[in-house]
Amino acid sequence: MSTSLTDASAPRATPRRMVRGLNWLVLRRHRMALLCLLGVTVLTSLWIVYQRGQLVALLDAADWPEKDLTQPVGGRQYDYLTLLLGAFPVVLAVFLGAPLISADIEQGTAQLVTTQSVTRRRWLVAKLGWCFGAALSAGAVLSAVFTWWWRPYRSVLSFSWLGAQVFDNTGPVLPALTLFLTAAGVTIGVLLRRVLASMVVTFVFAVAVETAWDMFRQNLAPTRMFTYPVDADLPARFSESYEVDRWIGSADGHLYGWGVCSEASEKAQEACLAEKGIVNNVIEYLDYSQMTAMQWTGAGILLAGTAALTAFVVWRSARRPL
């Protein structure tokens, strides 16, 4: 009787990886950062789902929408949620973008890898591709989940649609801002070539960008004007509009500051209005219907900035040794 035995000396078949070569090396080196990013994305998404369930239960108990709420819904838990989403791009810029290249430069890994069979540009493209892909995916997921939470209940929430809590965390703005700040962190890391210094400068830069963005946001679309009688209430259709400025005006179209007839007594106020011929209230506003166009305009600006920073990193890395 003959038996067939497996030759113990024969080499074992190596299982094929889904990701191989340089991409596997990049993922292997940054696996902890990517796993942390995945964990933060999943946990934050679950928190948003939980908060939406809490909000739905609260509104059902108040018999909304059959009954109007006496005041907008808000609370510390919602503030914490929007604060976390607002800090998300800054955290990624500091802990993922800034060390991405600077850590390899400081530790000598960049020189080791690029002196092998891998070209410097190919190594850089692989690093940037996985980093930006992860940042964009995480930002898109969180934005989609938060938009799903906010949009159906925006009329009962205390957040203005043009505020950072909503505008920067919904639609395309959150992934675009995340991508831009991450690219800024990478660029700072390439310039400074030291991890700690790059992280500190990136943090300061990211906070400055978010502050400037907060002041620039309302300039993403042209404002509109609306005139109505001075003794009338603003129509209900403007309940979701963002008021930029307000005046009082005469019949011939001359505008005065809102406090020009703010005398102490009602009789004095009426005399002032009659003397100046003031008959209208005039508001300058941005309508909620402009929100989508404003978000895509802002996202386009941020993505253009990302492309410029990325091009600079590739150009500089090709001209100077890492």
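Please read all numbers here as calculations on a predicted model, not as lab measurements. Hydrogens, waters and symmetry mates are skipped; everything else that's a heavy atom, side chains included, is used.
Here the closest non-hydrogen pair linking Val145 and Val49 is CG1-CG2, 4.4 Å. Here the closest heavy-atom approach between residue Val141 and residue Ser45 is recorded as CG1-OG, 3.8 Å. The two atoms that bring Asp214 and Ala164 nearest to each other are OD1-CB, 4.1 Å, heavy atoms only. Closest heavy-atom contact between Ala33 and Leu96: CB-CD1, 4.2 Å. Contact detail for Glu210 and Gly86: the closest heavy-atom pair is OE2-O, 3.2 Å. When all heavy atoms of Ala140 and Pro175 are compared, the pair lying nearest together is N-CB, 3.7 Å.
To the nearest 0.5 Å, the span separating CD1 on Ile48 from CG on Asn169 amounts to 8.5 Å. If you take CG on Leu234 and OH on Tyr285, they are separated by 9.5 Å, rounding to the nearest 0.5 Å. Taking CG of Leu100 as the start and OG1 of Thr187 as the end, the distance is 10.5 Å to the nearest 0.5 Å. The structure places CH2 of Trp123 at 4.5 Å from CG of Asp104, a figure rounded to the nearest 0.5 Å. Rounded to the nearest 0.5 Å, atoms CD1 (Ile278) and CD1 (Ile248) are 3.5 Å apart. Put simply, OG1 on Thr306 and CD1 on Ile301 are 12.0 Å apart, with the number rounded to the nearest 0.5 Å.
Annotation: side chain of Ser155 is in contact with side chain of Trp64 (closest heavy-atom distance under 4.5 Å). For the pair Thr182/Pro89, no side-chain contact is recorded, criterion being any heavy-atom separation below 4.5 Å from C-beta on. When side chains are defined from C-beta on, Val282 does not count as touching Arg246, because their heavy atoms never get closer than 4.5 Å. Side-chain contact between Val279 and Asp231: absent, with no pair of heavy atoms (C-beta onward) separated by less than 4.5 Å. Side-chain contact between Leu162 and Tyr288 is absent, with no heavy atoms from C-beta onward closer than 4.5 Å. With a 4.5 Å cut-off on side-chain heavy atoms, Ile283 and Trp247 do not count as touching. Between Thr178 and Leu136 there is no side-chain heavy-atom pair separated by less than 4.5 Å. Within the 4.5 Å cutoff, the side chain of Leu128 has heavy atoms near those of the Thr310 side chain.
The aromatic ring centres of Phe146 and Trp149 sit less than 6.0 Å apart.
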How far apart are the C-alpha atoms of Leu85 and Gln165, what are their side-chain angles, what is the distance that settles it, and do they pass the side chain to side chain contact (heavy atoms under 4.5 Å, CB included) test? CA-CA 8 Å; Leu85 290 174; Gln165 300 95 329; over 6 Å; no

Begin from the C-alpha positions of Ile101 and Arg193 and carry the test side chain to side chain contact (heavy atoms under 4.5 Å, CB included) through to its verdict. CA-CA 8 Å; Ile101 306 297; Arg193 306 170 68 88; over 6 Å; no

Determine, stepwise, if the pair Arg154 / Glu240 fulfils salt bridge (charged side-chain N to carboxylate O under 4.0 Å, His left out). CA-CA 9 Å; Arg154 65 181 187 275; Glu240 290 188 314; 2.9 Å; yes

Step by step, would you call Val209 with Leu181 a side chain to side chain contact (heavy atoms under 4.5 Å, CB included)? CA-CA 8 Å; Val209 167; Leu181 291 182; 3.9 Å; yes

Evaluate the criterion side chain to side chain contact (heavy atoms under 4.5 Å, CB included) for residue pair Leu157 and Leu55; output intermediate values, then yes/no. CA-CA 10 Å; Leu157 293 168; Leu55 177 62; 4.2 Å; yes

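When atom types are taken as modelled, the side chain of Ser143 and the backbone of Gly139 share no donor-acceptor pair closer than 3.5 angstrom. The main-chain N or O of Asp79 is found under 3.5 Å from a side-chain atom of Thr82 such that the two form a donor-acceptor pair. A donor-acceptor pair is defined here as one N or O able to donate and one able to accept, closer than 3.5 Å; such a pair exists between the side chain of Gln295 and the backbone of Phe167. One N or O on the side chain of Arg52 and one on the backbone of Trp148 form a donor-acceptor pair closer than 3.5 Å. Judged by distance alone, the side chain of Ser239 and the main-chain N or O of Ala236 form a donor-acceptor pair under 3.5 Å. At distances below 3.5 Å, at least one donor-acceptor pair connects side-chain atoms of Gln290 with backbone N or O atoms of Asp287.
Atom OH of Tyr256 sits in a crowded spot, with more than 12 heavy atoms from other residues, nucleotides or ligands closer than 6.0 Å. Residue Leu46 places its CG atom among more than 12 non-hydrogen atoms of other residues, nucleotides or ligands, all under 6.0 Å distant. Annotation for Asp233: atom CG does not count as buried by contact number, only 12 or fewer foreign heavy atoms lying within 6.0 Å. Enclosure of atom CH2 in Trp296 is not indicated, since only 12 or fewer non-hydrogen atoms of other residues, nucleotides or ligands lie within 6.0 angstrom. Other residues, nucleotides and ligands contribute more than 12 heavy atoms inside 6.0 Å of the CZ atom of Phe216.
When the side chains of ILVMFWY residues are joined at heavy-atom separations under 4.5 Å, either directly or via intervening members, Phe312 and Ile188 end up in two distinct hydrophobic clusters. A continuous path of ILVMFWY side-chain contacts below 4.5 Å connects Tyr50 to Leu59, so both sit in one hydrophobic cluster. Leu142 and Tyr80 end up in the same hydrophobic cluster when Ile, Leu, Val, Met, Phe, Trp and Tyr side chains are linked at under 4.5 Å. Cluster membership for Leu192 and Val200, using ILVMFWY side-chain heavy atoms within less than 4.5 angstrom, is not shared. In the hydrophobic clustering of this structure, Met225 does not group with Tyr242; members are Ile, Leu, Val, Met, Phe, Trp, Tyr whose side-chain heavy atoms approach within less than 4.5 Å, directly or through other members.
Relative orientation of the Tyr78 and Phe159 rings is perpendicular, given thresholds of 30° and 60° on the angle between their planes.
With no hydrogens or angles considered, no side-chain donor-acceptor pair links Thr227 and Asn280 at under 3.5 Å.
The side-chain contact (heavy atoms from CB on, under 4.5 Å) with Met294 is formed by just one residue from the set Val173, Leu286, Asn219; it is Leu286.
Both cation-pi conditions hold for Arg237 and Phe226: the charged atom is under 6.0 angstrom from the six-membered ring centre and inside a 45 degree cone around its axis.
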